[in-house]
Amino acid sequence: MLALQYLRENTEEAKLRISKRNPKYVETIDQVLALDEENRKAKSEMEKNQSEANAMAKKIGELMKAGNRAEADVLKAETAALKESGKALEERSKQFEQELFDVLVTLPNTPHESVPVGQTAEDNYTVFQHGEIPALQEGAVPHWDLIKQYDLIDFELGSKISGAGFPVYKGKGARLQRAMINFFLDEAVAAGFIEIQPPLLVNADSGFGTGQLPDKEGQMYHATVDDLYLIPTAEVPITNIYRDVILKEEDLPIKNVGYTPCFRREAGAWGAHVRGLNRLHQFDKVEIVQIAHPNQSYALLDEMVIHVKGLLEKLELPYRILHLCGGDMGFTSALTYDFETYSAAQGRWLEVSSTSNFESFQANRLKCRFKNKEGKNQLVHTLNGSALALPRILATLLENNQTPEGIRIPKALVPYCGFEMID
RNA sequence: GGAGAGGUGUCUGAGUGGUCGAAAGAGCAAGCCUGGAAAGUUUGUAUACGCGCAAGUGUAUCGAGGGUUCGAAUCCCUCCCUCUCCGCCA
């Protein structure tokens, strides 16, 4: 959620920036500002009324104390009108406030000035590419055939137990999952991130804090009996640790990492290109989260990019980094880099990490602030990135490393899984 | 799940209808004191929003929401959380 104060004081800048997503939002900003003005006016009237009522009550109190009952009763009668107008004014103010809020939450974050203009994935800009695209052997097959051949994952079993998109990992498939999780966690800890094990179900306040609610309500599994949501990413519980918190400036940056399963309904997303591990309802991911001083957030974003690059290089996977265009970025992000690995047998790039700076967009919802040098509370910046999401890494790894003798495990993972080949 | 107790500012803790944004102490910050520090002493010490060039001022906030009342930290209702005992249990 954009800060009202920012919109009021930097209207032109905000409009310019948000146009990169879609020029239609310029109008929304005007609408917000108009509602804000009416809201403030209504509030001001209400407060004035309240002030009068408070003064009156005080006077009655004094009269009562002095034993002047008769005069107090006269005043009491006078408060009736104030009370009535107060009720009406309050209702009106509440209405404006709700209206303002409803419009404000539909505004996405303002893109960073470096973000490319564009509407679709076609307009994303490749900023970096690394690694050889492997020339596969004759008869190379996509990962969904490999997992059957080597009995690594059973999708039918998952369907039986839960439904489509809930894979059952078996034998070396399961061990490889565990190995990757530990590898990713260890790498992040070595890079200075503190490991967190958060809850996998969160309440609605947390969903709102990171921006899943109300925007993406339908994308989360909702346990309605207890009104809890299954997390779509560790970003949600970990970032919400800092909801309603005032940090010390010297605490920043806070660096956290967490492994969690992620649950996504992916409503409407099924169709082409979702075979095998490409899209799942439940998958594993290691997520890094940072709470940062506004001055340092972009430097920290660069650090995160370097960290993710290091992971992919240790896994010996060819990858590229996309600077997402305004129209393709997530609702809450100001700048996003997507990492994609090249899955050779499918002949496709697969997104394996999304690394973003949200600036103060989430912090404003979270009310996460720090006390700055002037002693004023200031919104922090939040950042996060996948480091990394497992299924598509696994898909790429299986496809790219297949040989007639079996599937070769990258050296970095061998100490973690305890085998060099899947055969 | 059952029974009971409780949730007050950075912390401890007082406050059962009126001048309470809230006693007192601790902590923290600044001044005095000191060669410097400790001790002592004085002062200050929440957040959000509105109005104002500013000094300042208005409103709200004592777990959350609602209600009673001219007036609520204090009374009533609902919910959340914590603790103790019992039950259940990985």
Side-chain angles (χ1 to χ4, degrees), chain A residues 1-10 32-105 197-209 213 223-229 237 240-251 261 360-380:
Chain A
M1 190 160 64
L2 291 169
L4 269 174
Q5 199 186 352
Y6 169 76
L7 290 176
R8 271 202 296 259
E9 290 172 7
N10 307 280
V32 164
L33 290 174
L35 280 169
D36 174 48
E37 191 149 349
E38 293 200 70
N39 179 42
R40 271 183 306 171
K41 228 187 269 168
K43 219 178 187 170
S44 181
E45 278 177 52
M46 179 186 76
E47 285 178 359
K48 212 171 129 200
N49 189 89
Q50 191 55 248
S51 177
E52 281 175 47
N54 285 349
M56 201 80 112
K58 212 171 189 177
K59 225 183 267 174
I60 294 173
E62 278 160 17
L63 289 171
M64 295 290 265
K65 215 167 213 182
N68 197 340
R69 237 212 134 90
E71 215 168 306
D73 282 340
V74 174
L75 280 184
K76 261 194 209 180
E78 277 178 45
T79 56
L82 272 180
K83 233 187 162 182
E84 198 149 311
S85 58
K87 216 167 224 173
L89 286 168
E90 190 184 336
E91 208 141 292
R92 198 166 73 105
S93 167
K94 261 189 187 162
Q95 217 164 8
F96 274 125
E97 201 169 325
Q98 184 64 43
E99 222 173 299
L100 172 63
F101 177 83
D102 288 345
V103 180
L104 192 58
V105 292
Q197 276 195 26
L200 306 182
L201 281 86
V202 294
N203 57 29
D205 284 345
S206 294
F208 176 78
L213 296 175
T224 51
V225 174
D226 296 295
D227 197 21
L228 293 170
Y229 296 85
N240 272 283
I241 291 173
Y242 307 99
R243 170 154 53 82
D244 290 322
V245 167
I246 296 173
L247 297 158
K248 293 191 198 116
E249 188 164 1
E250 61 265 29
D251 292 339
S360 59
F361 192 85
Q362 286 183 332
N364 188 36
R365 294 178 160 227
L366 294 160
K367 302 222 182 323
C368 178
R369 292 158 296 177
F370 69 98
K371 216 171 253 308
N372 67 19
K373 295 233 160 55
E374 291 84 56
K376 276 282 223 178
N377 288 342
Q378 191 181 340
L379 292 172
V380 298

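The chains referred to below are lettered A, B, ... by the order of the sequence lines, with proteins before strands, and numbering in each begins at 1. Values below: every heavy atom of this structure, side chains too, minus hydrogens, waters and symmetry copies. Predicted model only: the values in this text are computed from it and were never measured.
In this structure, A:Gln5 and A:Gly61 both approach RNA chain B, and ranking their closest nucleotides by distance from the 5' end singles out A:Gly61.
Base pairing annotation: B:rC32 forms a Watson-Crick or G-U wobble pair with B:rG40, both donor-acceptor distances under 3.5 Å. Across all strands shown, B:rA46 forms a Watson-Crick or G-U wobble pair, both distances under 3.5 Å, with B:rU61. In this structure, B:rA55 forms no base pair with any nucleotide, since neither Watson-Crick nor G-U wobble geometry is met with both distances under 3.5 Å. Partner assigned to B:rA72 is none, using Watson-Crick or G-U wobble distances below 3.5 angstrom. Remark: B:rU12 base-pairs with B:rA24; criterion is Watson-Crick or G-U wobble with both hydrogen-bond distances under 3.5 Å. Nucleotide B:rU82 has B:rA5 as its partner under the Watson-Crick or G-U criteria, with both atom distances under 3.5 Å.
Side-chain nitrogen and oxygen atoms of A:Lys94 include at least one within less than 4.0 Å of the OP1 or OP2 phosphate oxygen of B:rG66. Within the structure, every side-chain polar atom (N or O) of A:Lys371 is placed at least 4.0 Å from both OP1 and OP2 of B:rA46. At the phosphate of B:rC51, OP1 or OP2 sits under 4.0 Å from a side-chain N or O atom of A:Arg40. An OP1 or OP2 oxygen of B:rG50 is reached within less than 4.0 angstrom by a side-chain nitrogen or oxygen of A:Arg8. Using a 4.0 Å cut-off, no side-chain N or O of A:Asn54 falls inside it from OP1 or OP2 of B:rG58.
Comparing B:rA46, B:rA48, B:rU19 against the side chain of A:Asn377 picks out B:rA48 as the nearest. Out of B:rG71, B:rU47, B:rA60, the shortest distance to the side chain of A:Gln50 is found at B:rA60. Nearest to the side chain of A:Ser51, among B:rG50, B:rG71, B:rU59, sits B:rU59. The side chain of A:Arg369 has B:rA48 as its nearest neighbour among B:rU59, B:rA48, B:rU19. The side chain of A:Lys83 sits closest to B:rC70 out of B:rC70, B:rG50, B:rC49.
Taking atom P on both nucleotides, B:rU59 is separated from B:rA22 by 13 Å, rounded to a whole Å.
In this structure, NZ of A:Lys367 is placed 11 Å from C1' of B:rC49, rounded to the nearest angstrom. The nearest whole Å value for the distance from the CD1 atom in A:Ile60 to the C1' atom in B:rA72 is 15 Å. Rounded to an integer number of Å, the gap from CG of A:Asp244 to C1' of B:rG63 is 12 Å. Here B:rG21 presents its C1' atom at 12 Å from NZ of A:Lys58, a figure rounded to the nearest Å.
Within a 6.0 Å radius of CD in A:Glu84, other residues, nucleotides and ligands contribute 12 heavy atoms or fewer.
Within the 4.0 angstrom heavy-atom criterion, base atoms lie near A:Met64. At a threshold of 4.0 angstrom between heavy atoms, the contacts of A:Leu75 with the nucleic acid are absent.
With hydrogens and angles ignored, a donor-acceptor pair under 3.5 angstrom links the side chain of A:Glu47 to the base of B:rG58.
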